[in-house]
Participant: 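Dropping a structure here in structure tokens format, bear with me for questions.
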Protein chains: 2
Amino acid sequence: MNAYNHPAIQYYQDVSEQCIHYLSIDGVIFGFHENQLKVLLLRWKGTTEWSLPGGFIRKTESVDVAAQRVVRERTGLDELYLQQFHVFGEAERYDQADTWARTKLPIQQVNWSERTISIGYYALVEYSKVVPTPDFLTEECCWWNVDDIPPLLFDHNHIVAVALSSLRRQFADQPISHLLPSAFTVPELQRLHETILGQPLDARNFYKKLMASGTLERLSERRAGTPHKAPYLYRFKPTDI
Amino acid sequence: MNAYNHPAIQYYQDVSEQCIHYLSIDGVIFGFHENQLKVLLLRWKGTTEWSLPGGFIRKTESVDVAAQRVVRERTGLDELYLQQFHVFGEAERYDQADTWARTKLPIQQVNWSERTISIGYYALVEYSKVVPTPDFLTEECCWWNVDDIPPLLFDHNHIVAVALSSLRRQFADQPISHLLPSAFTVPELQRLHETILGQPLDARNFYKKLMASGTLERLSERRAGTPHKAPYLYRFKPTDI
DNA sequence: GCAAAAGTGTTAGGATTACACCCATGT
DNA sequence: ACATGGGTGTAATCCTAACACTTTTGC
């Protein structure tokens, strides 16, 4: 394949015609597995360089819909907890020449050296339901522990950091349901909160506060297949509105 | 003046060349005066229609800088507390035909019927320092009590509502200095907080909490020229970072 | 002097934190 | 039996909310 029929060229031509210039979406897709908060990253074809998934907004498409599209294409998931959290609008967000060189795209061919404003969204998804799927510019899509993220392309390390702090602020005082399956145990929820907060929590106080919130209901089953005492399963009460 | 030399035409031509398409900034400029939270609005030429101030982003300009520019041009102020709070990106945010008719612009002449994504910023400014200045499409710029805002052009009533709730959330638990002069009295600060929260506060508890925060220092002067007992002036301690 | 606002301390209640033991299960 | 994690109550502390009187000043 030479630079002239590189799939990026057709893609950027289509984007150029159909999408809004200078504007993009970056998605920080959070999952939770084995007591680790994870983020979905993409490895670019023929490189060892990683980035967040992203995309562009069609000229008549709602921004939220575009963000959903981005996340859906990488995860296969449709019903999403999706939250706009920041616009990254600096005139020089990163070293463009360096970054495009690292992607190994024949970017000279596509007139896409303009500056980009990016709208950051984060998604909270159920890890086990995700089918990580690379796009046509990338050859690998997989989960990374947020604590072990390598240096990313563009300013994506910064975007992840802002997403994480937004997530922490937003859920400072409410239980997070979206990263777990609909039925879960209290200790599982506690591990999730501990991971996001980055500090251990007292099991008794956690349990008490949770019950006081009145949003949980205990199911009749317990979590099977574990060693030791089988914990009860709970779910969030359906909100009847 | 006919439609062909309407200043809007030249403006939109310039914007079209120099600025990013489909993207704009709307500014919710908050002030505080006579125990009322106020917002700066513009009345469009030859109409009784009001809107928020707004503007466009130059192709190589940081979004924050563009927002500063918008606010500076309407207020004359340069050092601003400015906060990005939401992106309004719905595909159909308002009835375009209706809105453009209400502006009485010869908008058929300017090819500007495209959809717009708007980045919302709010600014907290010192009321007395503002020189409200209309732009070339508007003939009046003045303060409105947030509680008395008329039906605005575009979806600007919605934007104000979101700005206000962001402001309340953001300052749920910290004193707001930016809407008052640098030296102020505790009762003045209390009125401000009461106005933003929409509920009365207990003076003793307010005072205690404020002092406990350790961020205030009492000046030697008192507020002169008031009837009754002269209150002490305070200021926020300069943060030595 | 009197009306109006400023300035301040104490107490009660609610929420948060700290802390320890028994239970169920798989090995 | 024992190792491992689950499940739960009580007491101390801190924070928040309620509440009233004296001081100052202009009129």
Participant: Side chains of A:S118 and A:T116: donor-acceptor distance under 3.5 Å anywhere?
Facilitator: no
Participant: How many Å lie between CZ on A:F206 and P on D:dT8, as a whole number?
Facilitator: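 Taking atom P of D:dT8 as the reference, CZ of A:F206 is at 14 Å.
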Participant: Which atom names give the shortest non-hydrogen contact between A:F184 and A:R223, and what distance separates them?
Facilitator: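 That closest heavy-atom pairing would be CA-NH2, 4.1 Å.
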Participant: Taking all non-hydrogen atoms of both residues into account, name the closest pair between A:T195 and A:L37 and its distance.
Facilitator: CG2-N, 3.5 Å
Participant: Expressed in angstrom and rounded to an integer, what is the separation of B:Q199 atom CD from D:dA17 atom C1'?
Facilitator: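 Atom CD in B:Q199 sits about 12 Å away from atom C1' in D:dA17.
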Participant: Rounded to the nearest angstrom, tell me the gap between atom CG in A:L201 and atom C1' in D:dG5.
Facilitator: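 So the two atoms are 17 Å apart, to the nearest Å.
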Participant: Is the B:F88 to B:H158 ring centre distance short of 6.0 Å?
Facilitator: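 Between B:H158 and B:F88, which both carry aromatic rings, the centre distance is below 6.0 Å.
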Participant: In whole angstrom, give the distance that lies between atom CD of A:E188 and atom C1' of D:dG7.
Facilitator: 15 Å
Participant: Out of C:dT8, C:dA6, D:dA18, which nucleotide sits closest to the side chain of B:K208?
Facilitator: D:dA18
Participant: Using atom types as modelled and distance alone, determine if a side-chain donor or acceptor of A:H156 lies under 3.5 Å from a backbone N or O of A:S51.
Facilitator: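 No; judged by distance alone, with no hydrogens or angles, the pair does not exist.
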Participant: Does a side-chain N or O of A:R191 approach OP1 or OP2 of D:dG6 to a distance below 4.0 Å, or not?
Facilitator: yes
Participant: Scan B:R222 against the nucleic acid and name what it touches under 4.0 Å (heavy atoms): base, sugar-phosphate only, or nothing.
Facilitator: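 The residue B:R222 makes no contact with any strand.
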Participant: Rounded to whole Å, how long is the line connecting atom CE of B:M211 with atom P of C:dT8?
Facilitator: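 Checked: the CE to P distance equals 8 Å.
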Participant: Return the value, rounded to whole Å, for the distance between atom CG of B:D202 and atom C1' of D:dA20.
Facilitator: 11 Å
Participant: Tell me which nucleotide among C:dA5, C:dT8, D:dC19 gets nearest to the side chain of B:Y207.
Facilitator: C:dT8
Participant: Starting at the 5' end of DNA chain C, which residue's closest nucleotide do you reach first, A:K229 or A:K209?
Facilitator: A:K209
Participant: Between B:H228 and B:V186, which residue's closest nucleotide on DNA chain C lies nearer the 5′ terminus?
Facilitator: B:H228
Participant: Give A:T226 one of three labels, base, sugar-phosphate or nothing, depending on what nucleic acid heavy atoms sit under 4.0 Å from its own.
Facilitator: sugar-phosphate
Participant: Nearest of C:dC19, D:dG6, C:dG7 to any side-chain atom of B:P231?
Facilitator: C:dG7
Participant: Between C:dA6, D:dA18, D:dG7, spot the one nearest the side chain of B:N205, thanks.
Facilitator: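 Nearest to the side-chain atoms of B:N205, counting from C-beta on, is D:dA18.
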Participant: Hey, does B:R223 reach any base, or is it just sugar-phosphate, or nothing, if we go heavy atoms under 4.0 Å?
Facilitator: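 No contact.
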Participant: Round to the nearest Å and state the distance from B:L233 atom CG to C:dG7 atom P.
Facilitator: 9 Å
